[in-house]
Amino acid sequence: MANFETVIVETDLLILGGGMAACGAAVEAAHWAKQNGLKVTLVDKAAMDRSGAVAMGLSAINQYVGLKDGTNSVKDYVDYVRNDLMGVTREDLVANIARHVDSTVHLFEKWGLPIWKDAEGKYVHEGRWQLMINGESYKVVVSEAAKNALLKDSLGEIFERVFIVGPLMDGDRCAGAVGFSIRENKVYVFKAKATLAAMGGAVHVFKPRSSGEGMGRAWYPPWNSGSSAYFTMKAGAEMTCQEVRFIPVRFKDAYGPVGAWFLLFKSRATNAMDGNYMVERKAELDNWLPYGRVKPVPANLRNYLGMLDIMEGKGPLFMRTEEAIQKIAETYKDDPKAYKKKMKDLESEAWEDFLDMTISQALLWAGTNVQPEEKSSEIAPAEPYFIGSHSGASGAWVSGPEDLQSGDSKNEYCWGYTNMSTVKGLFCAGDASGASSHKFSSGSHAEGRIAAKAAIKFIVDNNTAPNVDQAAVDAVAAEILKPLEIYETHKGETTDPEINPNYIRPRMFMFRLQKIMDEYAGGVSSQFTTNKAQLERALELLEFLKEDSKKLAAPNLHELMRCWENIHRMWQAEAHVRTVLFRDETRWPGYYFRADKPKMDEEKWHVFANCRFDPSTGDWEMRTRPIHRIFA
Ligand code: SFD
Ligand code: AMP
C-alpha cells in the first residue's frame, strides 16, 4: 500500500520472539557473536518485559535437575519425561536441556530472581523437579538480562511491537523473516544468515471454556497464536508430535495452575461424592501399560481418571485446599501461637501462588468469597493448547547434539547443528521445538541458549549473505497488507462494519475455526473425543475456512495482526487434525480420545508421527520416525 514504508534490516542472527527461549538465545548469542564480530537482532510482537507466557510472572521454576546436589541425574529426568509422554520423546533433546538447565536457573538467581530458601539455605522444592520462587517479576528480570546482553557495545538491535508473519527463503535456506509494525505503517524485511524461531505455542485454536464475558481468559496466553508453527511449516520444516496437544487441569474459570496444590500442599482432588479418582479408578491405569504404572502417573492419565468421573456424572471435581492446609497446620496444633502463624503463612503462600502467576484466579477467589483454608475450589480440564515446552510435545523436528546419540539415533536425530530444523539455517527452541517436553520456563531459556550457540556456529561456517529475490519480497509485503486493502475497498457496502458479503473480520474467523476444532477435533464440548469421520469432516471445513482466509479484512494495524494471528492458528489446527488422523490409535487419553481406535497400539505406533507441508507443491506429507532409546 502506498502509505507504507518498507524497512530492510540486515543481520547475522535473527531471533524471533522475546519470551523465555528468545531471552536465553539473546544472552548466549551475544557472547559468541562478540567473539566472531557478528550482529544479532531480536524481534518481538510485544514489549519484552512482559511478553509471552511469563508475562504475569510464575510462582515456580518447573525444571531444575540439581545435578550438583547429586540427588538426580540427567537419566532420571529423561525417564520422567519419557514416561509422562507415554513413551514418545526425543531422549537426546531432553537430556541436552537437562544437563544445561541448572546453570540457567543459577543465572536467574544471579540476575535477581528470588528463589525460596529453607533455614539451611537450600532451595525449597515444590516437587522433585520444581523450585518455588517469588516470581511476579520473573519476566522483567530475564528480559533485562537479554536486553543488556544485546544492547551492550551496540552488538545487536531489538525491535518490539513488530509482528512476524512468515519466513523469507533463499532456495532451501531460511534467509530471515517478514513482518509489520503494530504501531506504525511499516513493513519489515529482516535478512539474516540464520534465524531462530521462538514465538511460543498456540492458544485459542480450540474453543475455550471461557467464552462471551470471559473471552480471552485462558491458561496459556491468548497472544501466543501459533506463529512458531506457521513459520516453520511455511519454511518447509518437518514437524513432530502435532497430535500431542496439552490439556492442563486447572482451577475452573480462572485457570489457576494446580502444581503448587498437588505437589507443595499435597492436596487431594475429589469428586462430588468425596471420592478420589486417583484411588478409585486406579485399575483403569492397567489399560495403558507400561505407562499406566509409572510414577508419577502421566499427566494425561491423571486427567483421564478425573474425566471418567465427570462423564459418569460425578462432577464437579474439587481441589481440597481446606483439607490440605488444615493437614499441614495440624502438626502445630499443640502450640497455639505456632499454629496461628503457620496458618497465616499457608494462607499467604496460597494467595501468592496465584498473585504471582494467574492474578485473575486470585480475583475470582476474592469475588466469590473463597478462603482457601476454609473452602475447596472446583478444578476442570481446560481446552487444548499447543505447547512444546510443558506436558504437550508439538513443534519442529530438530537436530540433536552429536555427543548424545547412540547407535541408529545418530542417522535419524542428528544432521549437524543442534536445534536446527530440517530447513537450513532455521533453528527452534522453547514451544517452537517438538518432542522435548517438560522444559517449562527454565528449560526453554536453556534450550534458547543451546540453539543460539549452534546458530552462531552455523553462521561462522556459512558466512554468506542470503540471496533474496526482491520480487518475492514485494509479493509477500502486498499479501501481508491485503486485509487493510480489502477493508478499505468494501467498508462502505454495509452499515455495520462487522458484517459484509465481501470480507470476514478476524473475530468471526476465529469463532469459525474454534467451532470446527471443538466439535470435530475433540474439544471441550465433545469431551475431547473424535474419530476418523469427524477428523475428515474437520479437514473439509478447514479447507473452506482457508479459502475465506483470503477475505480477511482489517481497519487498522491491530486488526491486521489479529488477521495473521488467526491464519497462524488455522495452520496449527490443520497440522493437528492431519496428525490425529494419521496416528491410528489412542495413546494419550485425557488429551484426546480416538473413539474408533480406543486402544494404544504399542507395536505399530510406538513411533513419532511427523508431517511436512511442501511449500513448492502445497501438499502435506505424513511419515513416522523411529523412537530410539538412548538412556536404556
Ligand atoms: O505452573 C512473537 N509455564 C511454567 N513454567 C515454569 O517453569 N513454571 C511454572 O510455574 C509454569 N506454569 C505456567 C507456565 C505458563 C503460564 C502461562 C502459566 C503458568 C499461567 C510455562 C512457561 O511459561 C513456558 O514453558 C515458557 O514461557 C515457554 O517459553 P517460549 O520462549 O517458548 O514462549 P514464550 O515465553 O511464551 O515467548 C513467546 C514469545 O514470542 C513472541 N511472539 N513475536 C514476533 N512475532 C510473532 N508473530 C510472535 N508471536 C509470538 C511473544 O511476544 C513472546 O515474546 S504452570 O502452569 O506449569
Ligand atoms: P501445573 O501447575 O499443573 O502446570 O504443574 C506444575 C508442575 O507440577 C509440572 O511439572 C507438572 O508436571 C507437575 N505436577 C502437577 N500436578 C502433578 C501431580 N498430581 N503429580 C505429579 N506432578 C504434578
Side-chain angles (χ1 to χ4, degrees), residues 15-25 42-48 50-64 80 84 105 126-133 135 138-139 142-143 159-166 177 179-180 182 197-203 218-221 223-228 230-231 246 248-251 255-264 266-267 269 278 295-299 302 353-354 356-359 361 385 387-391 395 428-433 437-445 447-448 561 564-565 568:
I15 299 171
L16 301 177
M20 292 308 288
C23 286
L42 182 147
V43 188
D44 192 346
K45 79 192 265 196
M48 273 171 83
R50 290 281 175 189
S51 69
V54 187
M56 270 193 271
L58 294 177
S59 55
I61 286 174
N62 279 352
Q63 188 185 5
Y64 182 73
Y80 164 57
D84 197 66
V105 173
E126 179 184 81
R128 181 172 177 186
W129 310 106
Q130 302 85 357
L131 302 181
M132 295 304 295
I133 57 174
Y138 190 2
K139 185 63 202 305
V142 169
S143 96
F159 292 85
E160 294 185 321
R161 300 193 175 89
V162 171
F163 182 86
I164 294 298
V165 173
F180 62 92
I182 44 166
M199 292 175 281
V203 177
W219 165 69
Y220 219 54
W223 50 82
N224 277 10
S225 58
S227 298
S228 299
Y230 176 85
F231 193 94
F246 176 42
V249 162
R250 289 293 176 256
F251 279 70
Y255 298 87
V258 296
W261 284 100
F262 279 136
L263 302 182
L264 186 74
K266 307 212 169 3
S267 175
M278 293 303 292
K295 278 205 173 101
V297 175
R302 298 199 299 266
D353 182 43
F354 292 142
D356 271 2
M357 159 167 78
T358 311
I359 300 156
Q361 184 67 57
Y385 304 109
I387 154 167
S389 69
H390 202 291
S391 312
C428 304
D431 283 334
S433 73
S437 322
H438 291 273
K439 42 198 167 194
F440 305 101
S441 61
S442 45
S444 296
H445 192 275
E447 197 186 25
M561 179 178 73
W564 282 104
E565 284 178 340
H568 291 181

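Along the sequence shown, residues are numbered consecutively beginning with 1. Note that ligands are numbered from 1 as they come in the structure, with each ligand's atoms numbered from 1 the same way.
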Out of all atoms in ligand 2, which are within 4.0 Å of some heavy atom of [X]? Include the element for each.
X	result
F262	16 (N), 19 (N)
V258	2 (O), 3 (O)
P296	21 (C)
R250	1 (P), 2 (O), 3 (O), 4 (O)

Nearest non-hydrogen contact with [atom] belongs to which option: [options]?
atom	options	result
atom 11 (C) of ligand 1	N62, I387, N224	N62
atom 17 (C) of ligand 2	M357, R302, H438, Q63	R302
atom 57 (O) of ligand 1	H390, E160, R161	H390
atom 41 (C) of ligand 1	D44, I15, V203	D44
atom 13 (C) of ligand 2	N62, L263, D84	L263
atom 27 (O) of ligand 1	M20, K139, M561	M20

Item to check | CA sep, side-chain torsions, deciding dist, call: W129, Y64, ring-ring contact (aromatic ring centres under 6.0 Å, His included) | outcome: CA-CA 5 Å; W129 310 106; Y64 182 73; 9.7 Å; no

Which protein non-hydrogen atom lies closest to [atom], naming both residue and atom, and how far is it?
atom	result
atom 12 (O) of ligand 2	Y80 OH, 3.4 Å
atom 22 (C) of ligand 1	S441 N, 3.8 Å
atom 34 (P) of ligand 1	A53 N, 3.7 Å
atom 33 (O) of ligand 1	G200 CA, 3.7 Å
atom 20 (C) of ligand 1	W219 NE1, 3.5 Å
atom 44 (C) of ligand 1	K45 N, 3.2 Å
atom 14 (C) of ligand 1	L58 CD2, 3.6 Å
atom 1 (O) of ligand 1	P257 CB, 3.6 Å
atom 31 (O) of ligand 1	A21 N, 2.8 Å
atom 2 (O) of ligand 2	G259 N, 2.7 Å

Checklist entry - Looking only at atom types and distance, does a side-chain atom of S228 sit under 3.5 Å from a main-chain N or O of M199, one as donor and one as acceptor? => result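 Looks like yes, one N/O pair under 3.5 Å.
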
Item to check | Side-chain (R302) to main-chain (V297) donor-acceptor, under 3.5 angstrom | outcome: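 Yes; judged by distance alone, with no hydrogens or angles, the pair exists.
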
Determine whether any heavy atom of [X] lies closer than 4.0 Å to an atom of ligand 1.
X	value
V162	yes
G259	no
R250	yes

Do [X] and ligand 2 have an N or O pair less than 3.5 Å apart?
X	result
S391	no
Q130	yes
H390	yes
V249	no

Item to check | Listed partners of S433 passing side-chain hydrogen bond (donor to acceptor under 3.5 Å, both in side chains), at least two apart | outcome: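 side-chain hydrogen bond (donor to acceptor under 3.5 Å, both in side chains) check on S433 returns K439, E447.
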
Donor-acceptor pair between [X] and [Y] side chains, under 3.5 angstrom:
X	Y	value
Y138	S441	yes
D431	Y220	yes
S227	H568	yes

Checklist entry - Taking the six-membered ring for Trp, are F163 and F180 ring centroids under 6.0 Å apart? => result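 Yes, ring centres under 6.0 Å apart.
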
Next on the checklist: Are F354 and F251 an aromatic pair, judged by ring center distance below 6.0 Å?
Outcome noted: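 Yes, ring centres under 6.0 Å apart.
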
Checklist entry - Is a salt bridge present between E565 and K45, judged by a nitrogen-to-oxygen distance below 4.0 Å? => result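 K45 and E565: salt-bridged.
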
Next on the checklist: Heavy-atom distances under 4.0 Å decide this one: backbone, side chain, both or neither, for F440 against ligand 2?
Outcome noted: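 Side chain only.
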
Ligand 1 to [X] polar contact by distance, N or O atoms, under 3.5 Å:
X	answer
G18	yes
I164	yes
G19	yes

Item to check | Under the side chain to side chain contact (heavy atoms under 4.5 Å, CB included) test, residues paired with P221 that sit two or more places apart | outcome: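 If we apply the side chain to side chain contact (heavy atoms under 4.5 Å, CB included) test to P221, skipping adjacent residues, the hits are A53, W223, N224.
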
